[in-house]
Structures are given as structure tokens and as C-alpha cells.
K.L.:
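Here's a structure for you.
Start at 1 and go down the list; that is how both ligands and their atoms are numbered. Everything numeric here is computed off the predicted structure, so don't read it as measured data.
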Amino acid sequence: MNTAPGAPLTLVVLISNQGSNLQAIIDAIASQEIHARILAVVSNNPHAPGLQKAKNAGIPTAVTERGDFATRKDFDRRLLQLVRDYDPGLVVLAGFMRILDDEFVEHFDGRLLNVHPSLLPKYPGLNTYRRVLAAKDGVHGCSIHFVSSRVDGGPVVAQTEVPIRADDDEISLSARVQASEHKLYPMVIGWFANGGLQCQYETIMLDGKRLAKPRKFAFTGLDETQESGKL
Ligand code: GRF
């Protein structure tokens with residue numbers, strides 16, 4: 001890890017699919033919103049479109065697939081070795097669809113962030129859009145959290161609330177929540193990169209103070225009504 005004063009934070013980004021959050025992070029680094037450098041993008045899916053996004057930005061990629069290993073333990077060990085060899089300052093989970101084992105989580109304790117499409121602790125796990133629509137909640141959103149050994153259970157740094165509209169379906173709601181992720185995730189990584197954000201023993205410190213509850217943001221970005229010029 002390069003800890004020289006003024007050196008950019010080094011990242012390894014783990015993906016499994018589209019990599020739209022990866023792209024948002026790449027763009028935020030390019031526009032100097034984040035003082036960081038992506039050492040590598042690692043995927044467990046060789047067909048992840050996000051790998052091409054990394055290549056387009058000149059970022060090295062690596063793939064390790066569960067199917068190439070006899071046991072889950074062997075896969076987990078390889079993944080940890082692969083990421084550890086890059087020696088990143090921060091590991092960024094950006095749509096990585098495998099649960100990391102305890103050894104990985106402990107190794108990167110306090111240096112492992114995830115984005116989850118719900119207002120945690122509500123709706124951990126999969127299919128959050130379907131579940132929140134079925135429950136007829138008025139609001140959904142995204143959370144950026146440090147990863148602990150409890151799935152989607154680590155301390156939450158920040159959340160964006162996205163109001164649910166009467167005519168929302170999974171597609172329209174996920175489009176707005178994802179757009180909110182693309183703003184919030186680079187922002188939080190930026191806090192970490194400039195030294196303002198730390199997490200130790202599941203306690204988050206932000207700008208020198210203990211963060212008792214997540215920083216909340218309202219989503220005011222992508223708005224279909226505005227886009228169609230009706231507002
Ligand atoms: C994101 O919506 C994130 O909340 C979830 O997986 C999705 C990944 O999307 N964990 P992308 O690959 O970044 O486009």
C-alpha cells in the first residue's frame with residue numbers, strides 16, 4: 001500500500017455484472033472528485049460487461065471463477081490472494097454477487113466498502129426492488145456500508161432516499177436508485193480517500209467525530225418528469 005503523503009488512495013474494485021458503479025468511480029477519479037487510482041478490477045464472471053469498462057479506462061482486470069475450483073474454500077482463498085497481492089488501500093464491492101468469507105472480511109477490516117440497493121437495515125439480500133414494491137413502502141434508496149461478516153450488516157456510512165412513485169415498477173425504481181448510487185458511492189470513496197472517513201471495530205469516524213447514524217441524502221437527480229420536459 002502506498003501511504004506516502006499526498007499519494008492517491010489505491011483501490012481494487014470487485015464486480016460481477018454491468019459495472020455502472022465502477023464507471024461512476026472511474027469518472028469521478030478522472031474528474032478529480034476522488035484522489036484515487038484503481039489498481040485492478042476483479043470479477044468472478046468472465047462475461048461481466050464491467051470488465052470492458054475497465055479495459056476502456058486502461059485498468060488491469062483479473063477474473064477468478066467459482067467453477068474453476070473444486071471447493072468454495074479454494075475459490076475464497078484464491079480471491080483473497082488475488083486481491084491481497086495488489087495491496088490496495090481500499091477494496092470496493094460494486095455489484096459483486098458473491099458473499100466474501102470471514103478471512104477476506106477480516107483481512108480488509110475497515111478497508112472494505114459495499115453498495116446495497118436499499119435503506120439498510122431494511123431489505124438486506126436480493127430482490128430489494130420487488131420486496132419494497134410489494135410492501136408498498138413510500139421510499140427506497142441505497143446504502144454505502146463497511147462490510148462485516150454479517151451479510152449487508154456492516155456499519156452504514158451514507159444513504160440516499162429515493163421516493164417511490166405510484167406508477168413505479170422494478171425497472172423505473174431501479175433506474176433512479178442506481179443513479180443515486182452513482183453519486184453517493186464516489187462521494188463516500190472520496191471521503192475515505194481524503195482521510196475523513198475511517199472505520200474501526202465497526203465504529204465509523206467521519207471528520208473526526210463518531211458517526212452515530214448514516215449521513216442521509218435526498219435524491220434529486222434523474223427525474224423522468226423533468227427529462228420528458230413536463231416540469
Ligand atoms: C448495484 O445496484 C448495487 O446496489 C448492487 O448491484 C448493483 C450493481 O450494478 N449491489 P453495477 O454492476 O454497478 O451496474
Side-chain angles (χ1 to χ4, degrees), residues 11-30 33-34 36 38 40-57 59 61-65 79 90-100 104-105 108 112-133 137 139-148 150-162 164 168-190 214-217 219 221-222:
L11 311 177
V12 168
V13 183
L14 271 59
I15 64 165
S16 296
N17 285 310
Q18 293 301 325
S20 66
N21 280 284
L22 166 68
Q23 188 65 57
I25 296 162
I26 291 171
D27 294 345
I29 292 173
E33 185 194 330
I34 310 176
I38 303 178
V41 170
V42 174
S43 177
N44 64 322
N45 170 14
H47 309 294
L51 287 169
Q52 190 56 47
K53 295 184 169 82
K55 286 177 189 150
N56 293 345
I59 299 166
T61 61
V63 172
T64 181
E65 282 184 87
L79 183 67
L90 180 70
V91 177
V92 175
L93 305 181
F96 187 65
M97 299 306 286
R98 288 202 66 95
I99 294 171
L100 298 165
F104 192 108
V105 172
F108 289 106
L112 184 53
L113 283 176
N114 185 39
V115 56
H116 182 75
S118 81
L119 297 171
L120 291 170
K122 291 191 99 175
Y123 308 110
L126 298 174
N127 301 320
T128 68
Y129 300 109
R130 194 175 313 156
R131 287 151 65 205
V132 77
L133 289 169
D137 288 7
V139 66
H140 197 40
C142 68
S143 302
I144 311 297
H145 66 96
F146 283 97
V147 175
S148 74
R150 300 180 310 277
V151 176
D152 300 324
V156 178
V157 183
Q159 296 181 316
T160 300
E161 296 187 337
V162 178
I164 299 177
D168 262 331
D169 56 18
E170 286 185 48
I171 292 172
S172 61
L173 182 58
S174 66
R176 295 204 307 289
V177 171
Q178 284 217 333
S180 77
E181 294 177 349
H182 301 158
K183 294 193 169 181
L184 192 67
Y185 212 0
M187 187 192 297
V188 171
I189 295 168
R215 279 278 165 91
K216 293 258 191 192
F217 294 86
F219 182 61
L222 177 65

K.L.:
Would you say N114 and ligand 1 have an N/O pair spaced under 3.5 Å apart?
P.N.:
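In this structure, N114 places no N or O atom under 3.5 Å from an N or O of ligand 1.
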K.L.:
Going through the checks in order, is the salt bridge (Lys or Arg N to Asp or Glu O under 4.0 Å) test met by R131 and D137?
P.N.:
CA-CA 9 Å; R131 287 151 65 205; D137 288 7; over 6 Å; no
K.L.:
Between the side chains of E65 and N44, does any donor sit under 3.5 Å from an acceptor?
P.N.:
no
K.L.:
Is it the case that ligand 1 has an N or O less than 3.5 angstrom from some N or O of N21?
P.N.:
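Yes.
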K.L.:
Find all atoms of ligand 1 within a distance of less than 4.0 Å from any non-hydrogen atom belonging to Q18, and give their numbers and elements.
P.N.:
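So the atoms of ligand 1 that pass are 12 (O), 14 (O).
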K.L.:
Between K53 and Q23, is there a side-chain donor-acceptor contact under 3.5 Å, judged purely by atom types and distance?
P.N.:
no
K.L.:
With a 4.0 Å cut-off on N to O distance, would you call D168 and R176 a salt bridge?
P.N.:
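R176 and D168: salt-bridged.
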K.L.:
Are K55 and T61 packed together at the side-chain level, in the sense that at least one heavy-atom pair is separated by less than 4.5 angstrom?
P.N.:
yes
K.L.:
For ligand 1, find out whether one of its N or O atoms is nearer than 3.5 Å to an N or O atom of G19.
P.N.:
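N/O-N/O distance under 3.5 Å: yes.
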K.L.:
Taking only heavy atoms of S20 into account, list the atoms of ligand 1 that are under 4.0 Å away from them.
P.N.:
11 (P), 12 (O), 13 (O), 14 (O)
K.L.:
Is G50 close enough to touch ligand 1? Criterion: a residue heavy atom under 4.0 Å from a ligand atom.
P.N.:
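No.
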K.L.:
Could you tell me the residue and atom name of the protein heavy atom closest to atom 8 (C) of ligand 1, and the distance to it rounded to 0.1 Å?
P.N.:
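Protein heavy atom with the smallest distance to atom 8 (C) of ligand 1: G95 CA, 3.5 Å.
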K.L.:
I need the atoms of ligand 1 closer than 4.0 Å to a non-hydrogen atom of Q178, numbered in the order shown.
P.N.:
1 (C), 2 (O), 7 (C), 9 (O)
K.L.:
May I ask you to identify the nearest protein heavy atom to atom 10 (N) of ligand 1, giving residue, atom name and distance to one decimal place in Å?
P.N.:
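Atom 10 (N) of ligand 1 sits closest to the protein heavy atom V115 O, 3.1 Å.
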K.L.:
Between the side chains of Y129 and D169, is a donor N or O closer than 3.5 angstrom to an acceptor N or O?
P.N.:
no
K.L.:
Quick one: look at E181 and ligand 1, take heavy-atom pairs under 4.0 Å, and tell me if it's side chain, backbone, both or neither.
P.N.:
side chain
K.L.:
Quick one: closest heavy-atom pair of S118 and S143, and the distance?
P.N.:
O-OG, 2.6 Å
